[in-house]
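Quick notes on the structure that follows.
Each ligand, and each atom within it, is numbered from 1 in the order the structure gives. Residue numbers start at 1 and run along the sequence shown. Values reported hereafter were calculated over all heavy atoms of this structure, with side chains retained and with hydrogens, waters and symmetry mates removed.
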Amino acid sequence: MDGNASQTTVETTPAPGAKNDAPMIDPFGRHVSYLRVSVTDRCDFRCVYCMAEDMTFLPKKDVLSLEELERLCSAFIRKGVRKLRLTGGEPLVRRNIMSLINNLGKHIETGALDELTLTTNGSQLPRYADDLVNAGVRRINVSVDTLDPQKFREATRWGDLEKVMAGLAAAKKAGLEVKINAVALKHLNAHEFDDMIRWCGENGFDLTLIETMPLGDIGEDRVDQYLPLSKVRRDLEKRWTLSDIPYKTGGPARYTEIAETGKRLGFITPLTHNFCESCNRVRLTCTGTLYMCLGQEDAADLRKPLRASDDDNLLDAAIDEAIGRKPKGHDFVIDRDSAPAVGRHMSMTGG
Ligand code: SAM
Ligand code: SF4
């Protein structure tokens with residue numbers, strides 16, 4: 001498939017005045033209703049599976065302003081997006097991020113959006129938890145891979161578990177519903193899932209385990225990190241009563257309920273069980289690049305049509321054209337001989 005998206009987008013000329021609110025339906029009949037937006041590629045952590053230690057970040061001039069991001073998000077909402085998740089990099093390290101979140105929250109008030117949420121490493125939650133609730137955010141995902149402070153430092157390179165715990169306490173106090181995300185890694189947390197299930201139960205958090213995905217060069221071999229969740233689940237079922245439940249959050253996780261804690265345990269298994277057939281998502285980066293699939297290189301440049309005109313006609317046409325190219329799915333593999341499925345890191349496209 002042609003990866004040169006900008007070429008395609010500038011050639012698209014809508015009929016005059018043809019503002020287009022038509023819902024976004026892809027070639028496989030999937031209705032795109034979920035937008036994930038990476039608001040920055042920067043982060044205050046350097047997780048081993050996500051980033052190399054010395055990352056080169058985007059120059060500021062390439063990054064969309066918060067006003068431009070809001071205009072893009074609003075166009076997607078007008079075209080049928082009902083759920084919007086902010087991610088990154090670390091969304092809460094972007095300067096003045098609350099102005100964007102407050103403005104997007106207005107779409108919740110009008111009923112145009114069902115849910116505004118974010119995925120965060122939790123380090124900035126002591127500062128922002130109350131503001132998030134006031135903006136209309138009700139649920140957040142917080143990434144915590146281990147409860148051991150030393151291991152946490154190893155996994156995140158720069159992270160401080162104590163700060164994240166303070167962030168989680170602030171989130172609870174503010175009334176945010178919290179789901180913990182943990183990437184399953186052979187040498188890091190393979191023996192910790194029982195403790196995490198217990199800890200989440202005590203704190204009222206749901207937990208989702210994620211298989212590590214082959215995205216971007218991280219300076220080490222992913223085979224050494226990869227832990228198949230099919231195996232983890234079989235092992236957990238020796239000690240916990242897990243029942244499959246139809247609970248859906250719009251994301252790719254399949255959920256079980258843990259009888260012993262009453263909380264949910266989700267599995268995101270892009271490698272052992274492909275979830276593409278029900279994919280309703282597209283991902284926007286902070287440069288205005290739209291990825292129609294997390295695991296494919298093809299993308300559309302929305303920054304050009306956004307900046308080319310003050311009305312949204314060109315932008316709408318570029319979005320429609322991009323959705324028409326949404327691929328059937330990804331084909332992740334992790335083995336010794338395989339390069340990353342795509343060259344970009346998760347911090348660029350957002351998790
Ligand atoms: N900084 C925020 C955080 O860590 O929650 C948001 C961005 S982070 C890229 C989003 C999620 O992607 C996190 O839960 C992280 O653990 C996950 N992630 C990052 N790289 C990954 C990879 N290669 N495979 C699977 N999950 C990954
Ligand atoms: Fe930062 Fe999140 Fe990536 Fe960790 S997973 S380096 S916290 S963006």
Side-chain angles (χ1 to χ4, degrees), residues 36-55 57-58 85-94 97 117-125 128 139-146 152-161 163-164 167-168 171 178-186 188-189 196 205-229 251-253 266-272 275 281 283-286 291 294-295 330 332-334 338-351:
R36 301 173 75 117
V37 186
S38 175
V39 296
T40 177
D41 63 331
R42 290 166 196 254
C43 186
D44 52 344
F45 291 5
R46 291 287 180 279
C47 300
V48 290
Y49 49 79
C50 179
M51 293 192 184
E53 188 154 21
D54 56 340
M55 291 287 287
F57 292 110
L58 292 163
R85 175 177 296 278
L86 302 182
T87 174
E90 173 48 41
L92 296 180
V93 300
R94 176 136 187 196
I97 187 65
T117 179
L118 79 162
T119 302
T120 170
N121 67 25
S123 69
Q124 309 299 314
L125 282 173
Y128 285 121
R139 295 191 311 132
I140 56 171
N141 291 355
V142 182
S143 305
V144 182
D145 300 326
T146 168
F152 188 83
R153 173 53 62 101
E154 280 164 31
T156 59
R157 294 197 184 99
W158 297 2
D160 178 354
L161 184 61
K163 263 199 200 154
V164 174
L168 284 168
V178 173
K179 178 163 76 72
I180 301 294
N181 279 347
V183 175
L185 296 167
K186 213 185 281 175
L188 181 83
N189 51 16
M196 293 192 81
F205 304 149
D206 287 334
L207 172 65
T208 295
L209 302 178
I210 307 173
E211 281 174 353
T212 180
M213 299 174 222
L215 302 176
D217 185 3
I218 50 166
E220 56 183 277
D221 196 331
R222 287 186 194 270
V223 179
D224 297 332
Q225 302 182 340
Y226 174 55
L227 181 60
L229 287 182
F267 296 91
I268 299 186
T269 54
L271 288 117
T272 54
F275 43 61
R281 292 171 290 286
R283 294 175 153 85
L284 185 67
T285 74
C286 59
Y291 285 97
L294 180 63
H330 63 66
F332 291 147
V333 262
I334 290 188
S338 302
V342 293
R344 62 187 188 275
H345 292 89
M346 186 70 116
S347 51
M348 185 175 155
T349 342

Response to the item:
Atoms of ligand 1 under 4.0 Å from any heavy atom of N121, numbered from 1 in the order shown, are 2 (C), 3 (C), 5 (O)

Worksheet entry | Sidechain-backbone polar pair: N189 side chain, D145 backbone, donor-acceptor under 3.5 Å | yes

Worksheet item: Would G89 count as a contact of ligand 2 if the rule is a heavy atom under 4.0 Å away?
Response: yes

Item to complete: Identify, by atom number and element, the atoms of ligand 1 in contact range of T119, meaning under 4.0 Å from any of its heavy atoms.
Response: 2 (C), 5 (O), 6 (C), 10 (C)

Worksheet entry | Atoms of ligand 1, numbered as shown, that sit under 4.0 Å from any heavy atom of N181 | 14 (O)

Fill in: Geometric N/O contact Y49 with ligand 1, under 3.5 angstrom
yes

Worksheet item: What atoms of ligand 1 come within less than 4.0 Å of a heavy atom belonging to G88?
Response: 7 (C), 9 (C)

Worksheet, complete the sentence: A student checking ligand 1 against C50 at a 4.0 Å heavy-atom cut-off should list atoms 19 (C), 20 (N)

Worksheet item: Is R94 reaching over with its side chain to a backbone N or O of V39, donor-acceptor style, under 3.5 angstrom?
Response: yes

Worksheet item: Do T119 side-chain atoms and T87 backbone N/O form a donor-acceptor pair below 3.5 Å?
Response: no

Worksheet entry | Inter-residue atom distance I140.CD1 - L168.CG, 0.5 Å rounding | 7.0 Å

Fill in: Distance-only N or O hit between ligand 1 and S143, under 3.5 Å
yes

Response to the item:
Candidates S123, S38, C47, G122; heavy atom nearest atom 4 (Fe) of ligand 2 found on C47

Worksheet item: So, is C50 placed with an N/O/S atom under 2.8 Å from atom 3 (Fe) of ligand 2, counting both backbone and side chain?
Response: yes

Worksheet entry | Nearest heavy-atom neighbours spanning R46 and A52 | CD-O, 3.7 Å

Worksheet item: Can an N or O of E90 be found at a distance shorter than 3.5 Å from an N or O of ligand 1?
Response: yes

Worksheet item: Per the side-chain contact (heavy atoms from CB on, under 4.5 Å) rule, which among T208, L229, V183, L209 passes with I268?
Response: T208

Item to complete: Nearest 0.5 Å please: distance from the SG atom of C43 over to the CZ atom of R157.
Response: 11.5 Å

Worksheet item: Is it true that G89 lies under 4.0 Å from ligand 1, counting heavy atoms only?
Response: yes

Worksheet entry | E90 side chain to T120 side chain, donor-acceptor N/O pair below 3.5 angstrom | yes

Worksheet item: Which distance, rounded to the nearest 0.5 Å, do you find between the CG of N121 and the CG of D44?
Response: 5.0 Å

Worksheet entry | 4.0 Å heavy-atom contact, E211 with ligand 1 | yes

Discussion item. I need the atoms of ligand 2 closer than 4.0 Å to a non-hydrogen atom of N121, numbered in the order shown.
Written reply: 7 (S)

Worksheet item: Can you tell me how far the CZ atom of R85 sits from the OG atom of S38, to the nearest 0.5 Å?
Response: 13.0 Å

Discussion item. Taking 4.0 Å as the limit for heavy-atom contacts, which would you say applies to T87 with ligand 1: side chain only, backbone only, both, or neither?
Written reply: side chain

Worksheet item: Short N/O distance, under 3.5 Å, between T120 and ligand 1?
Response: yes

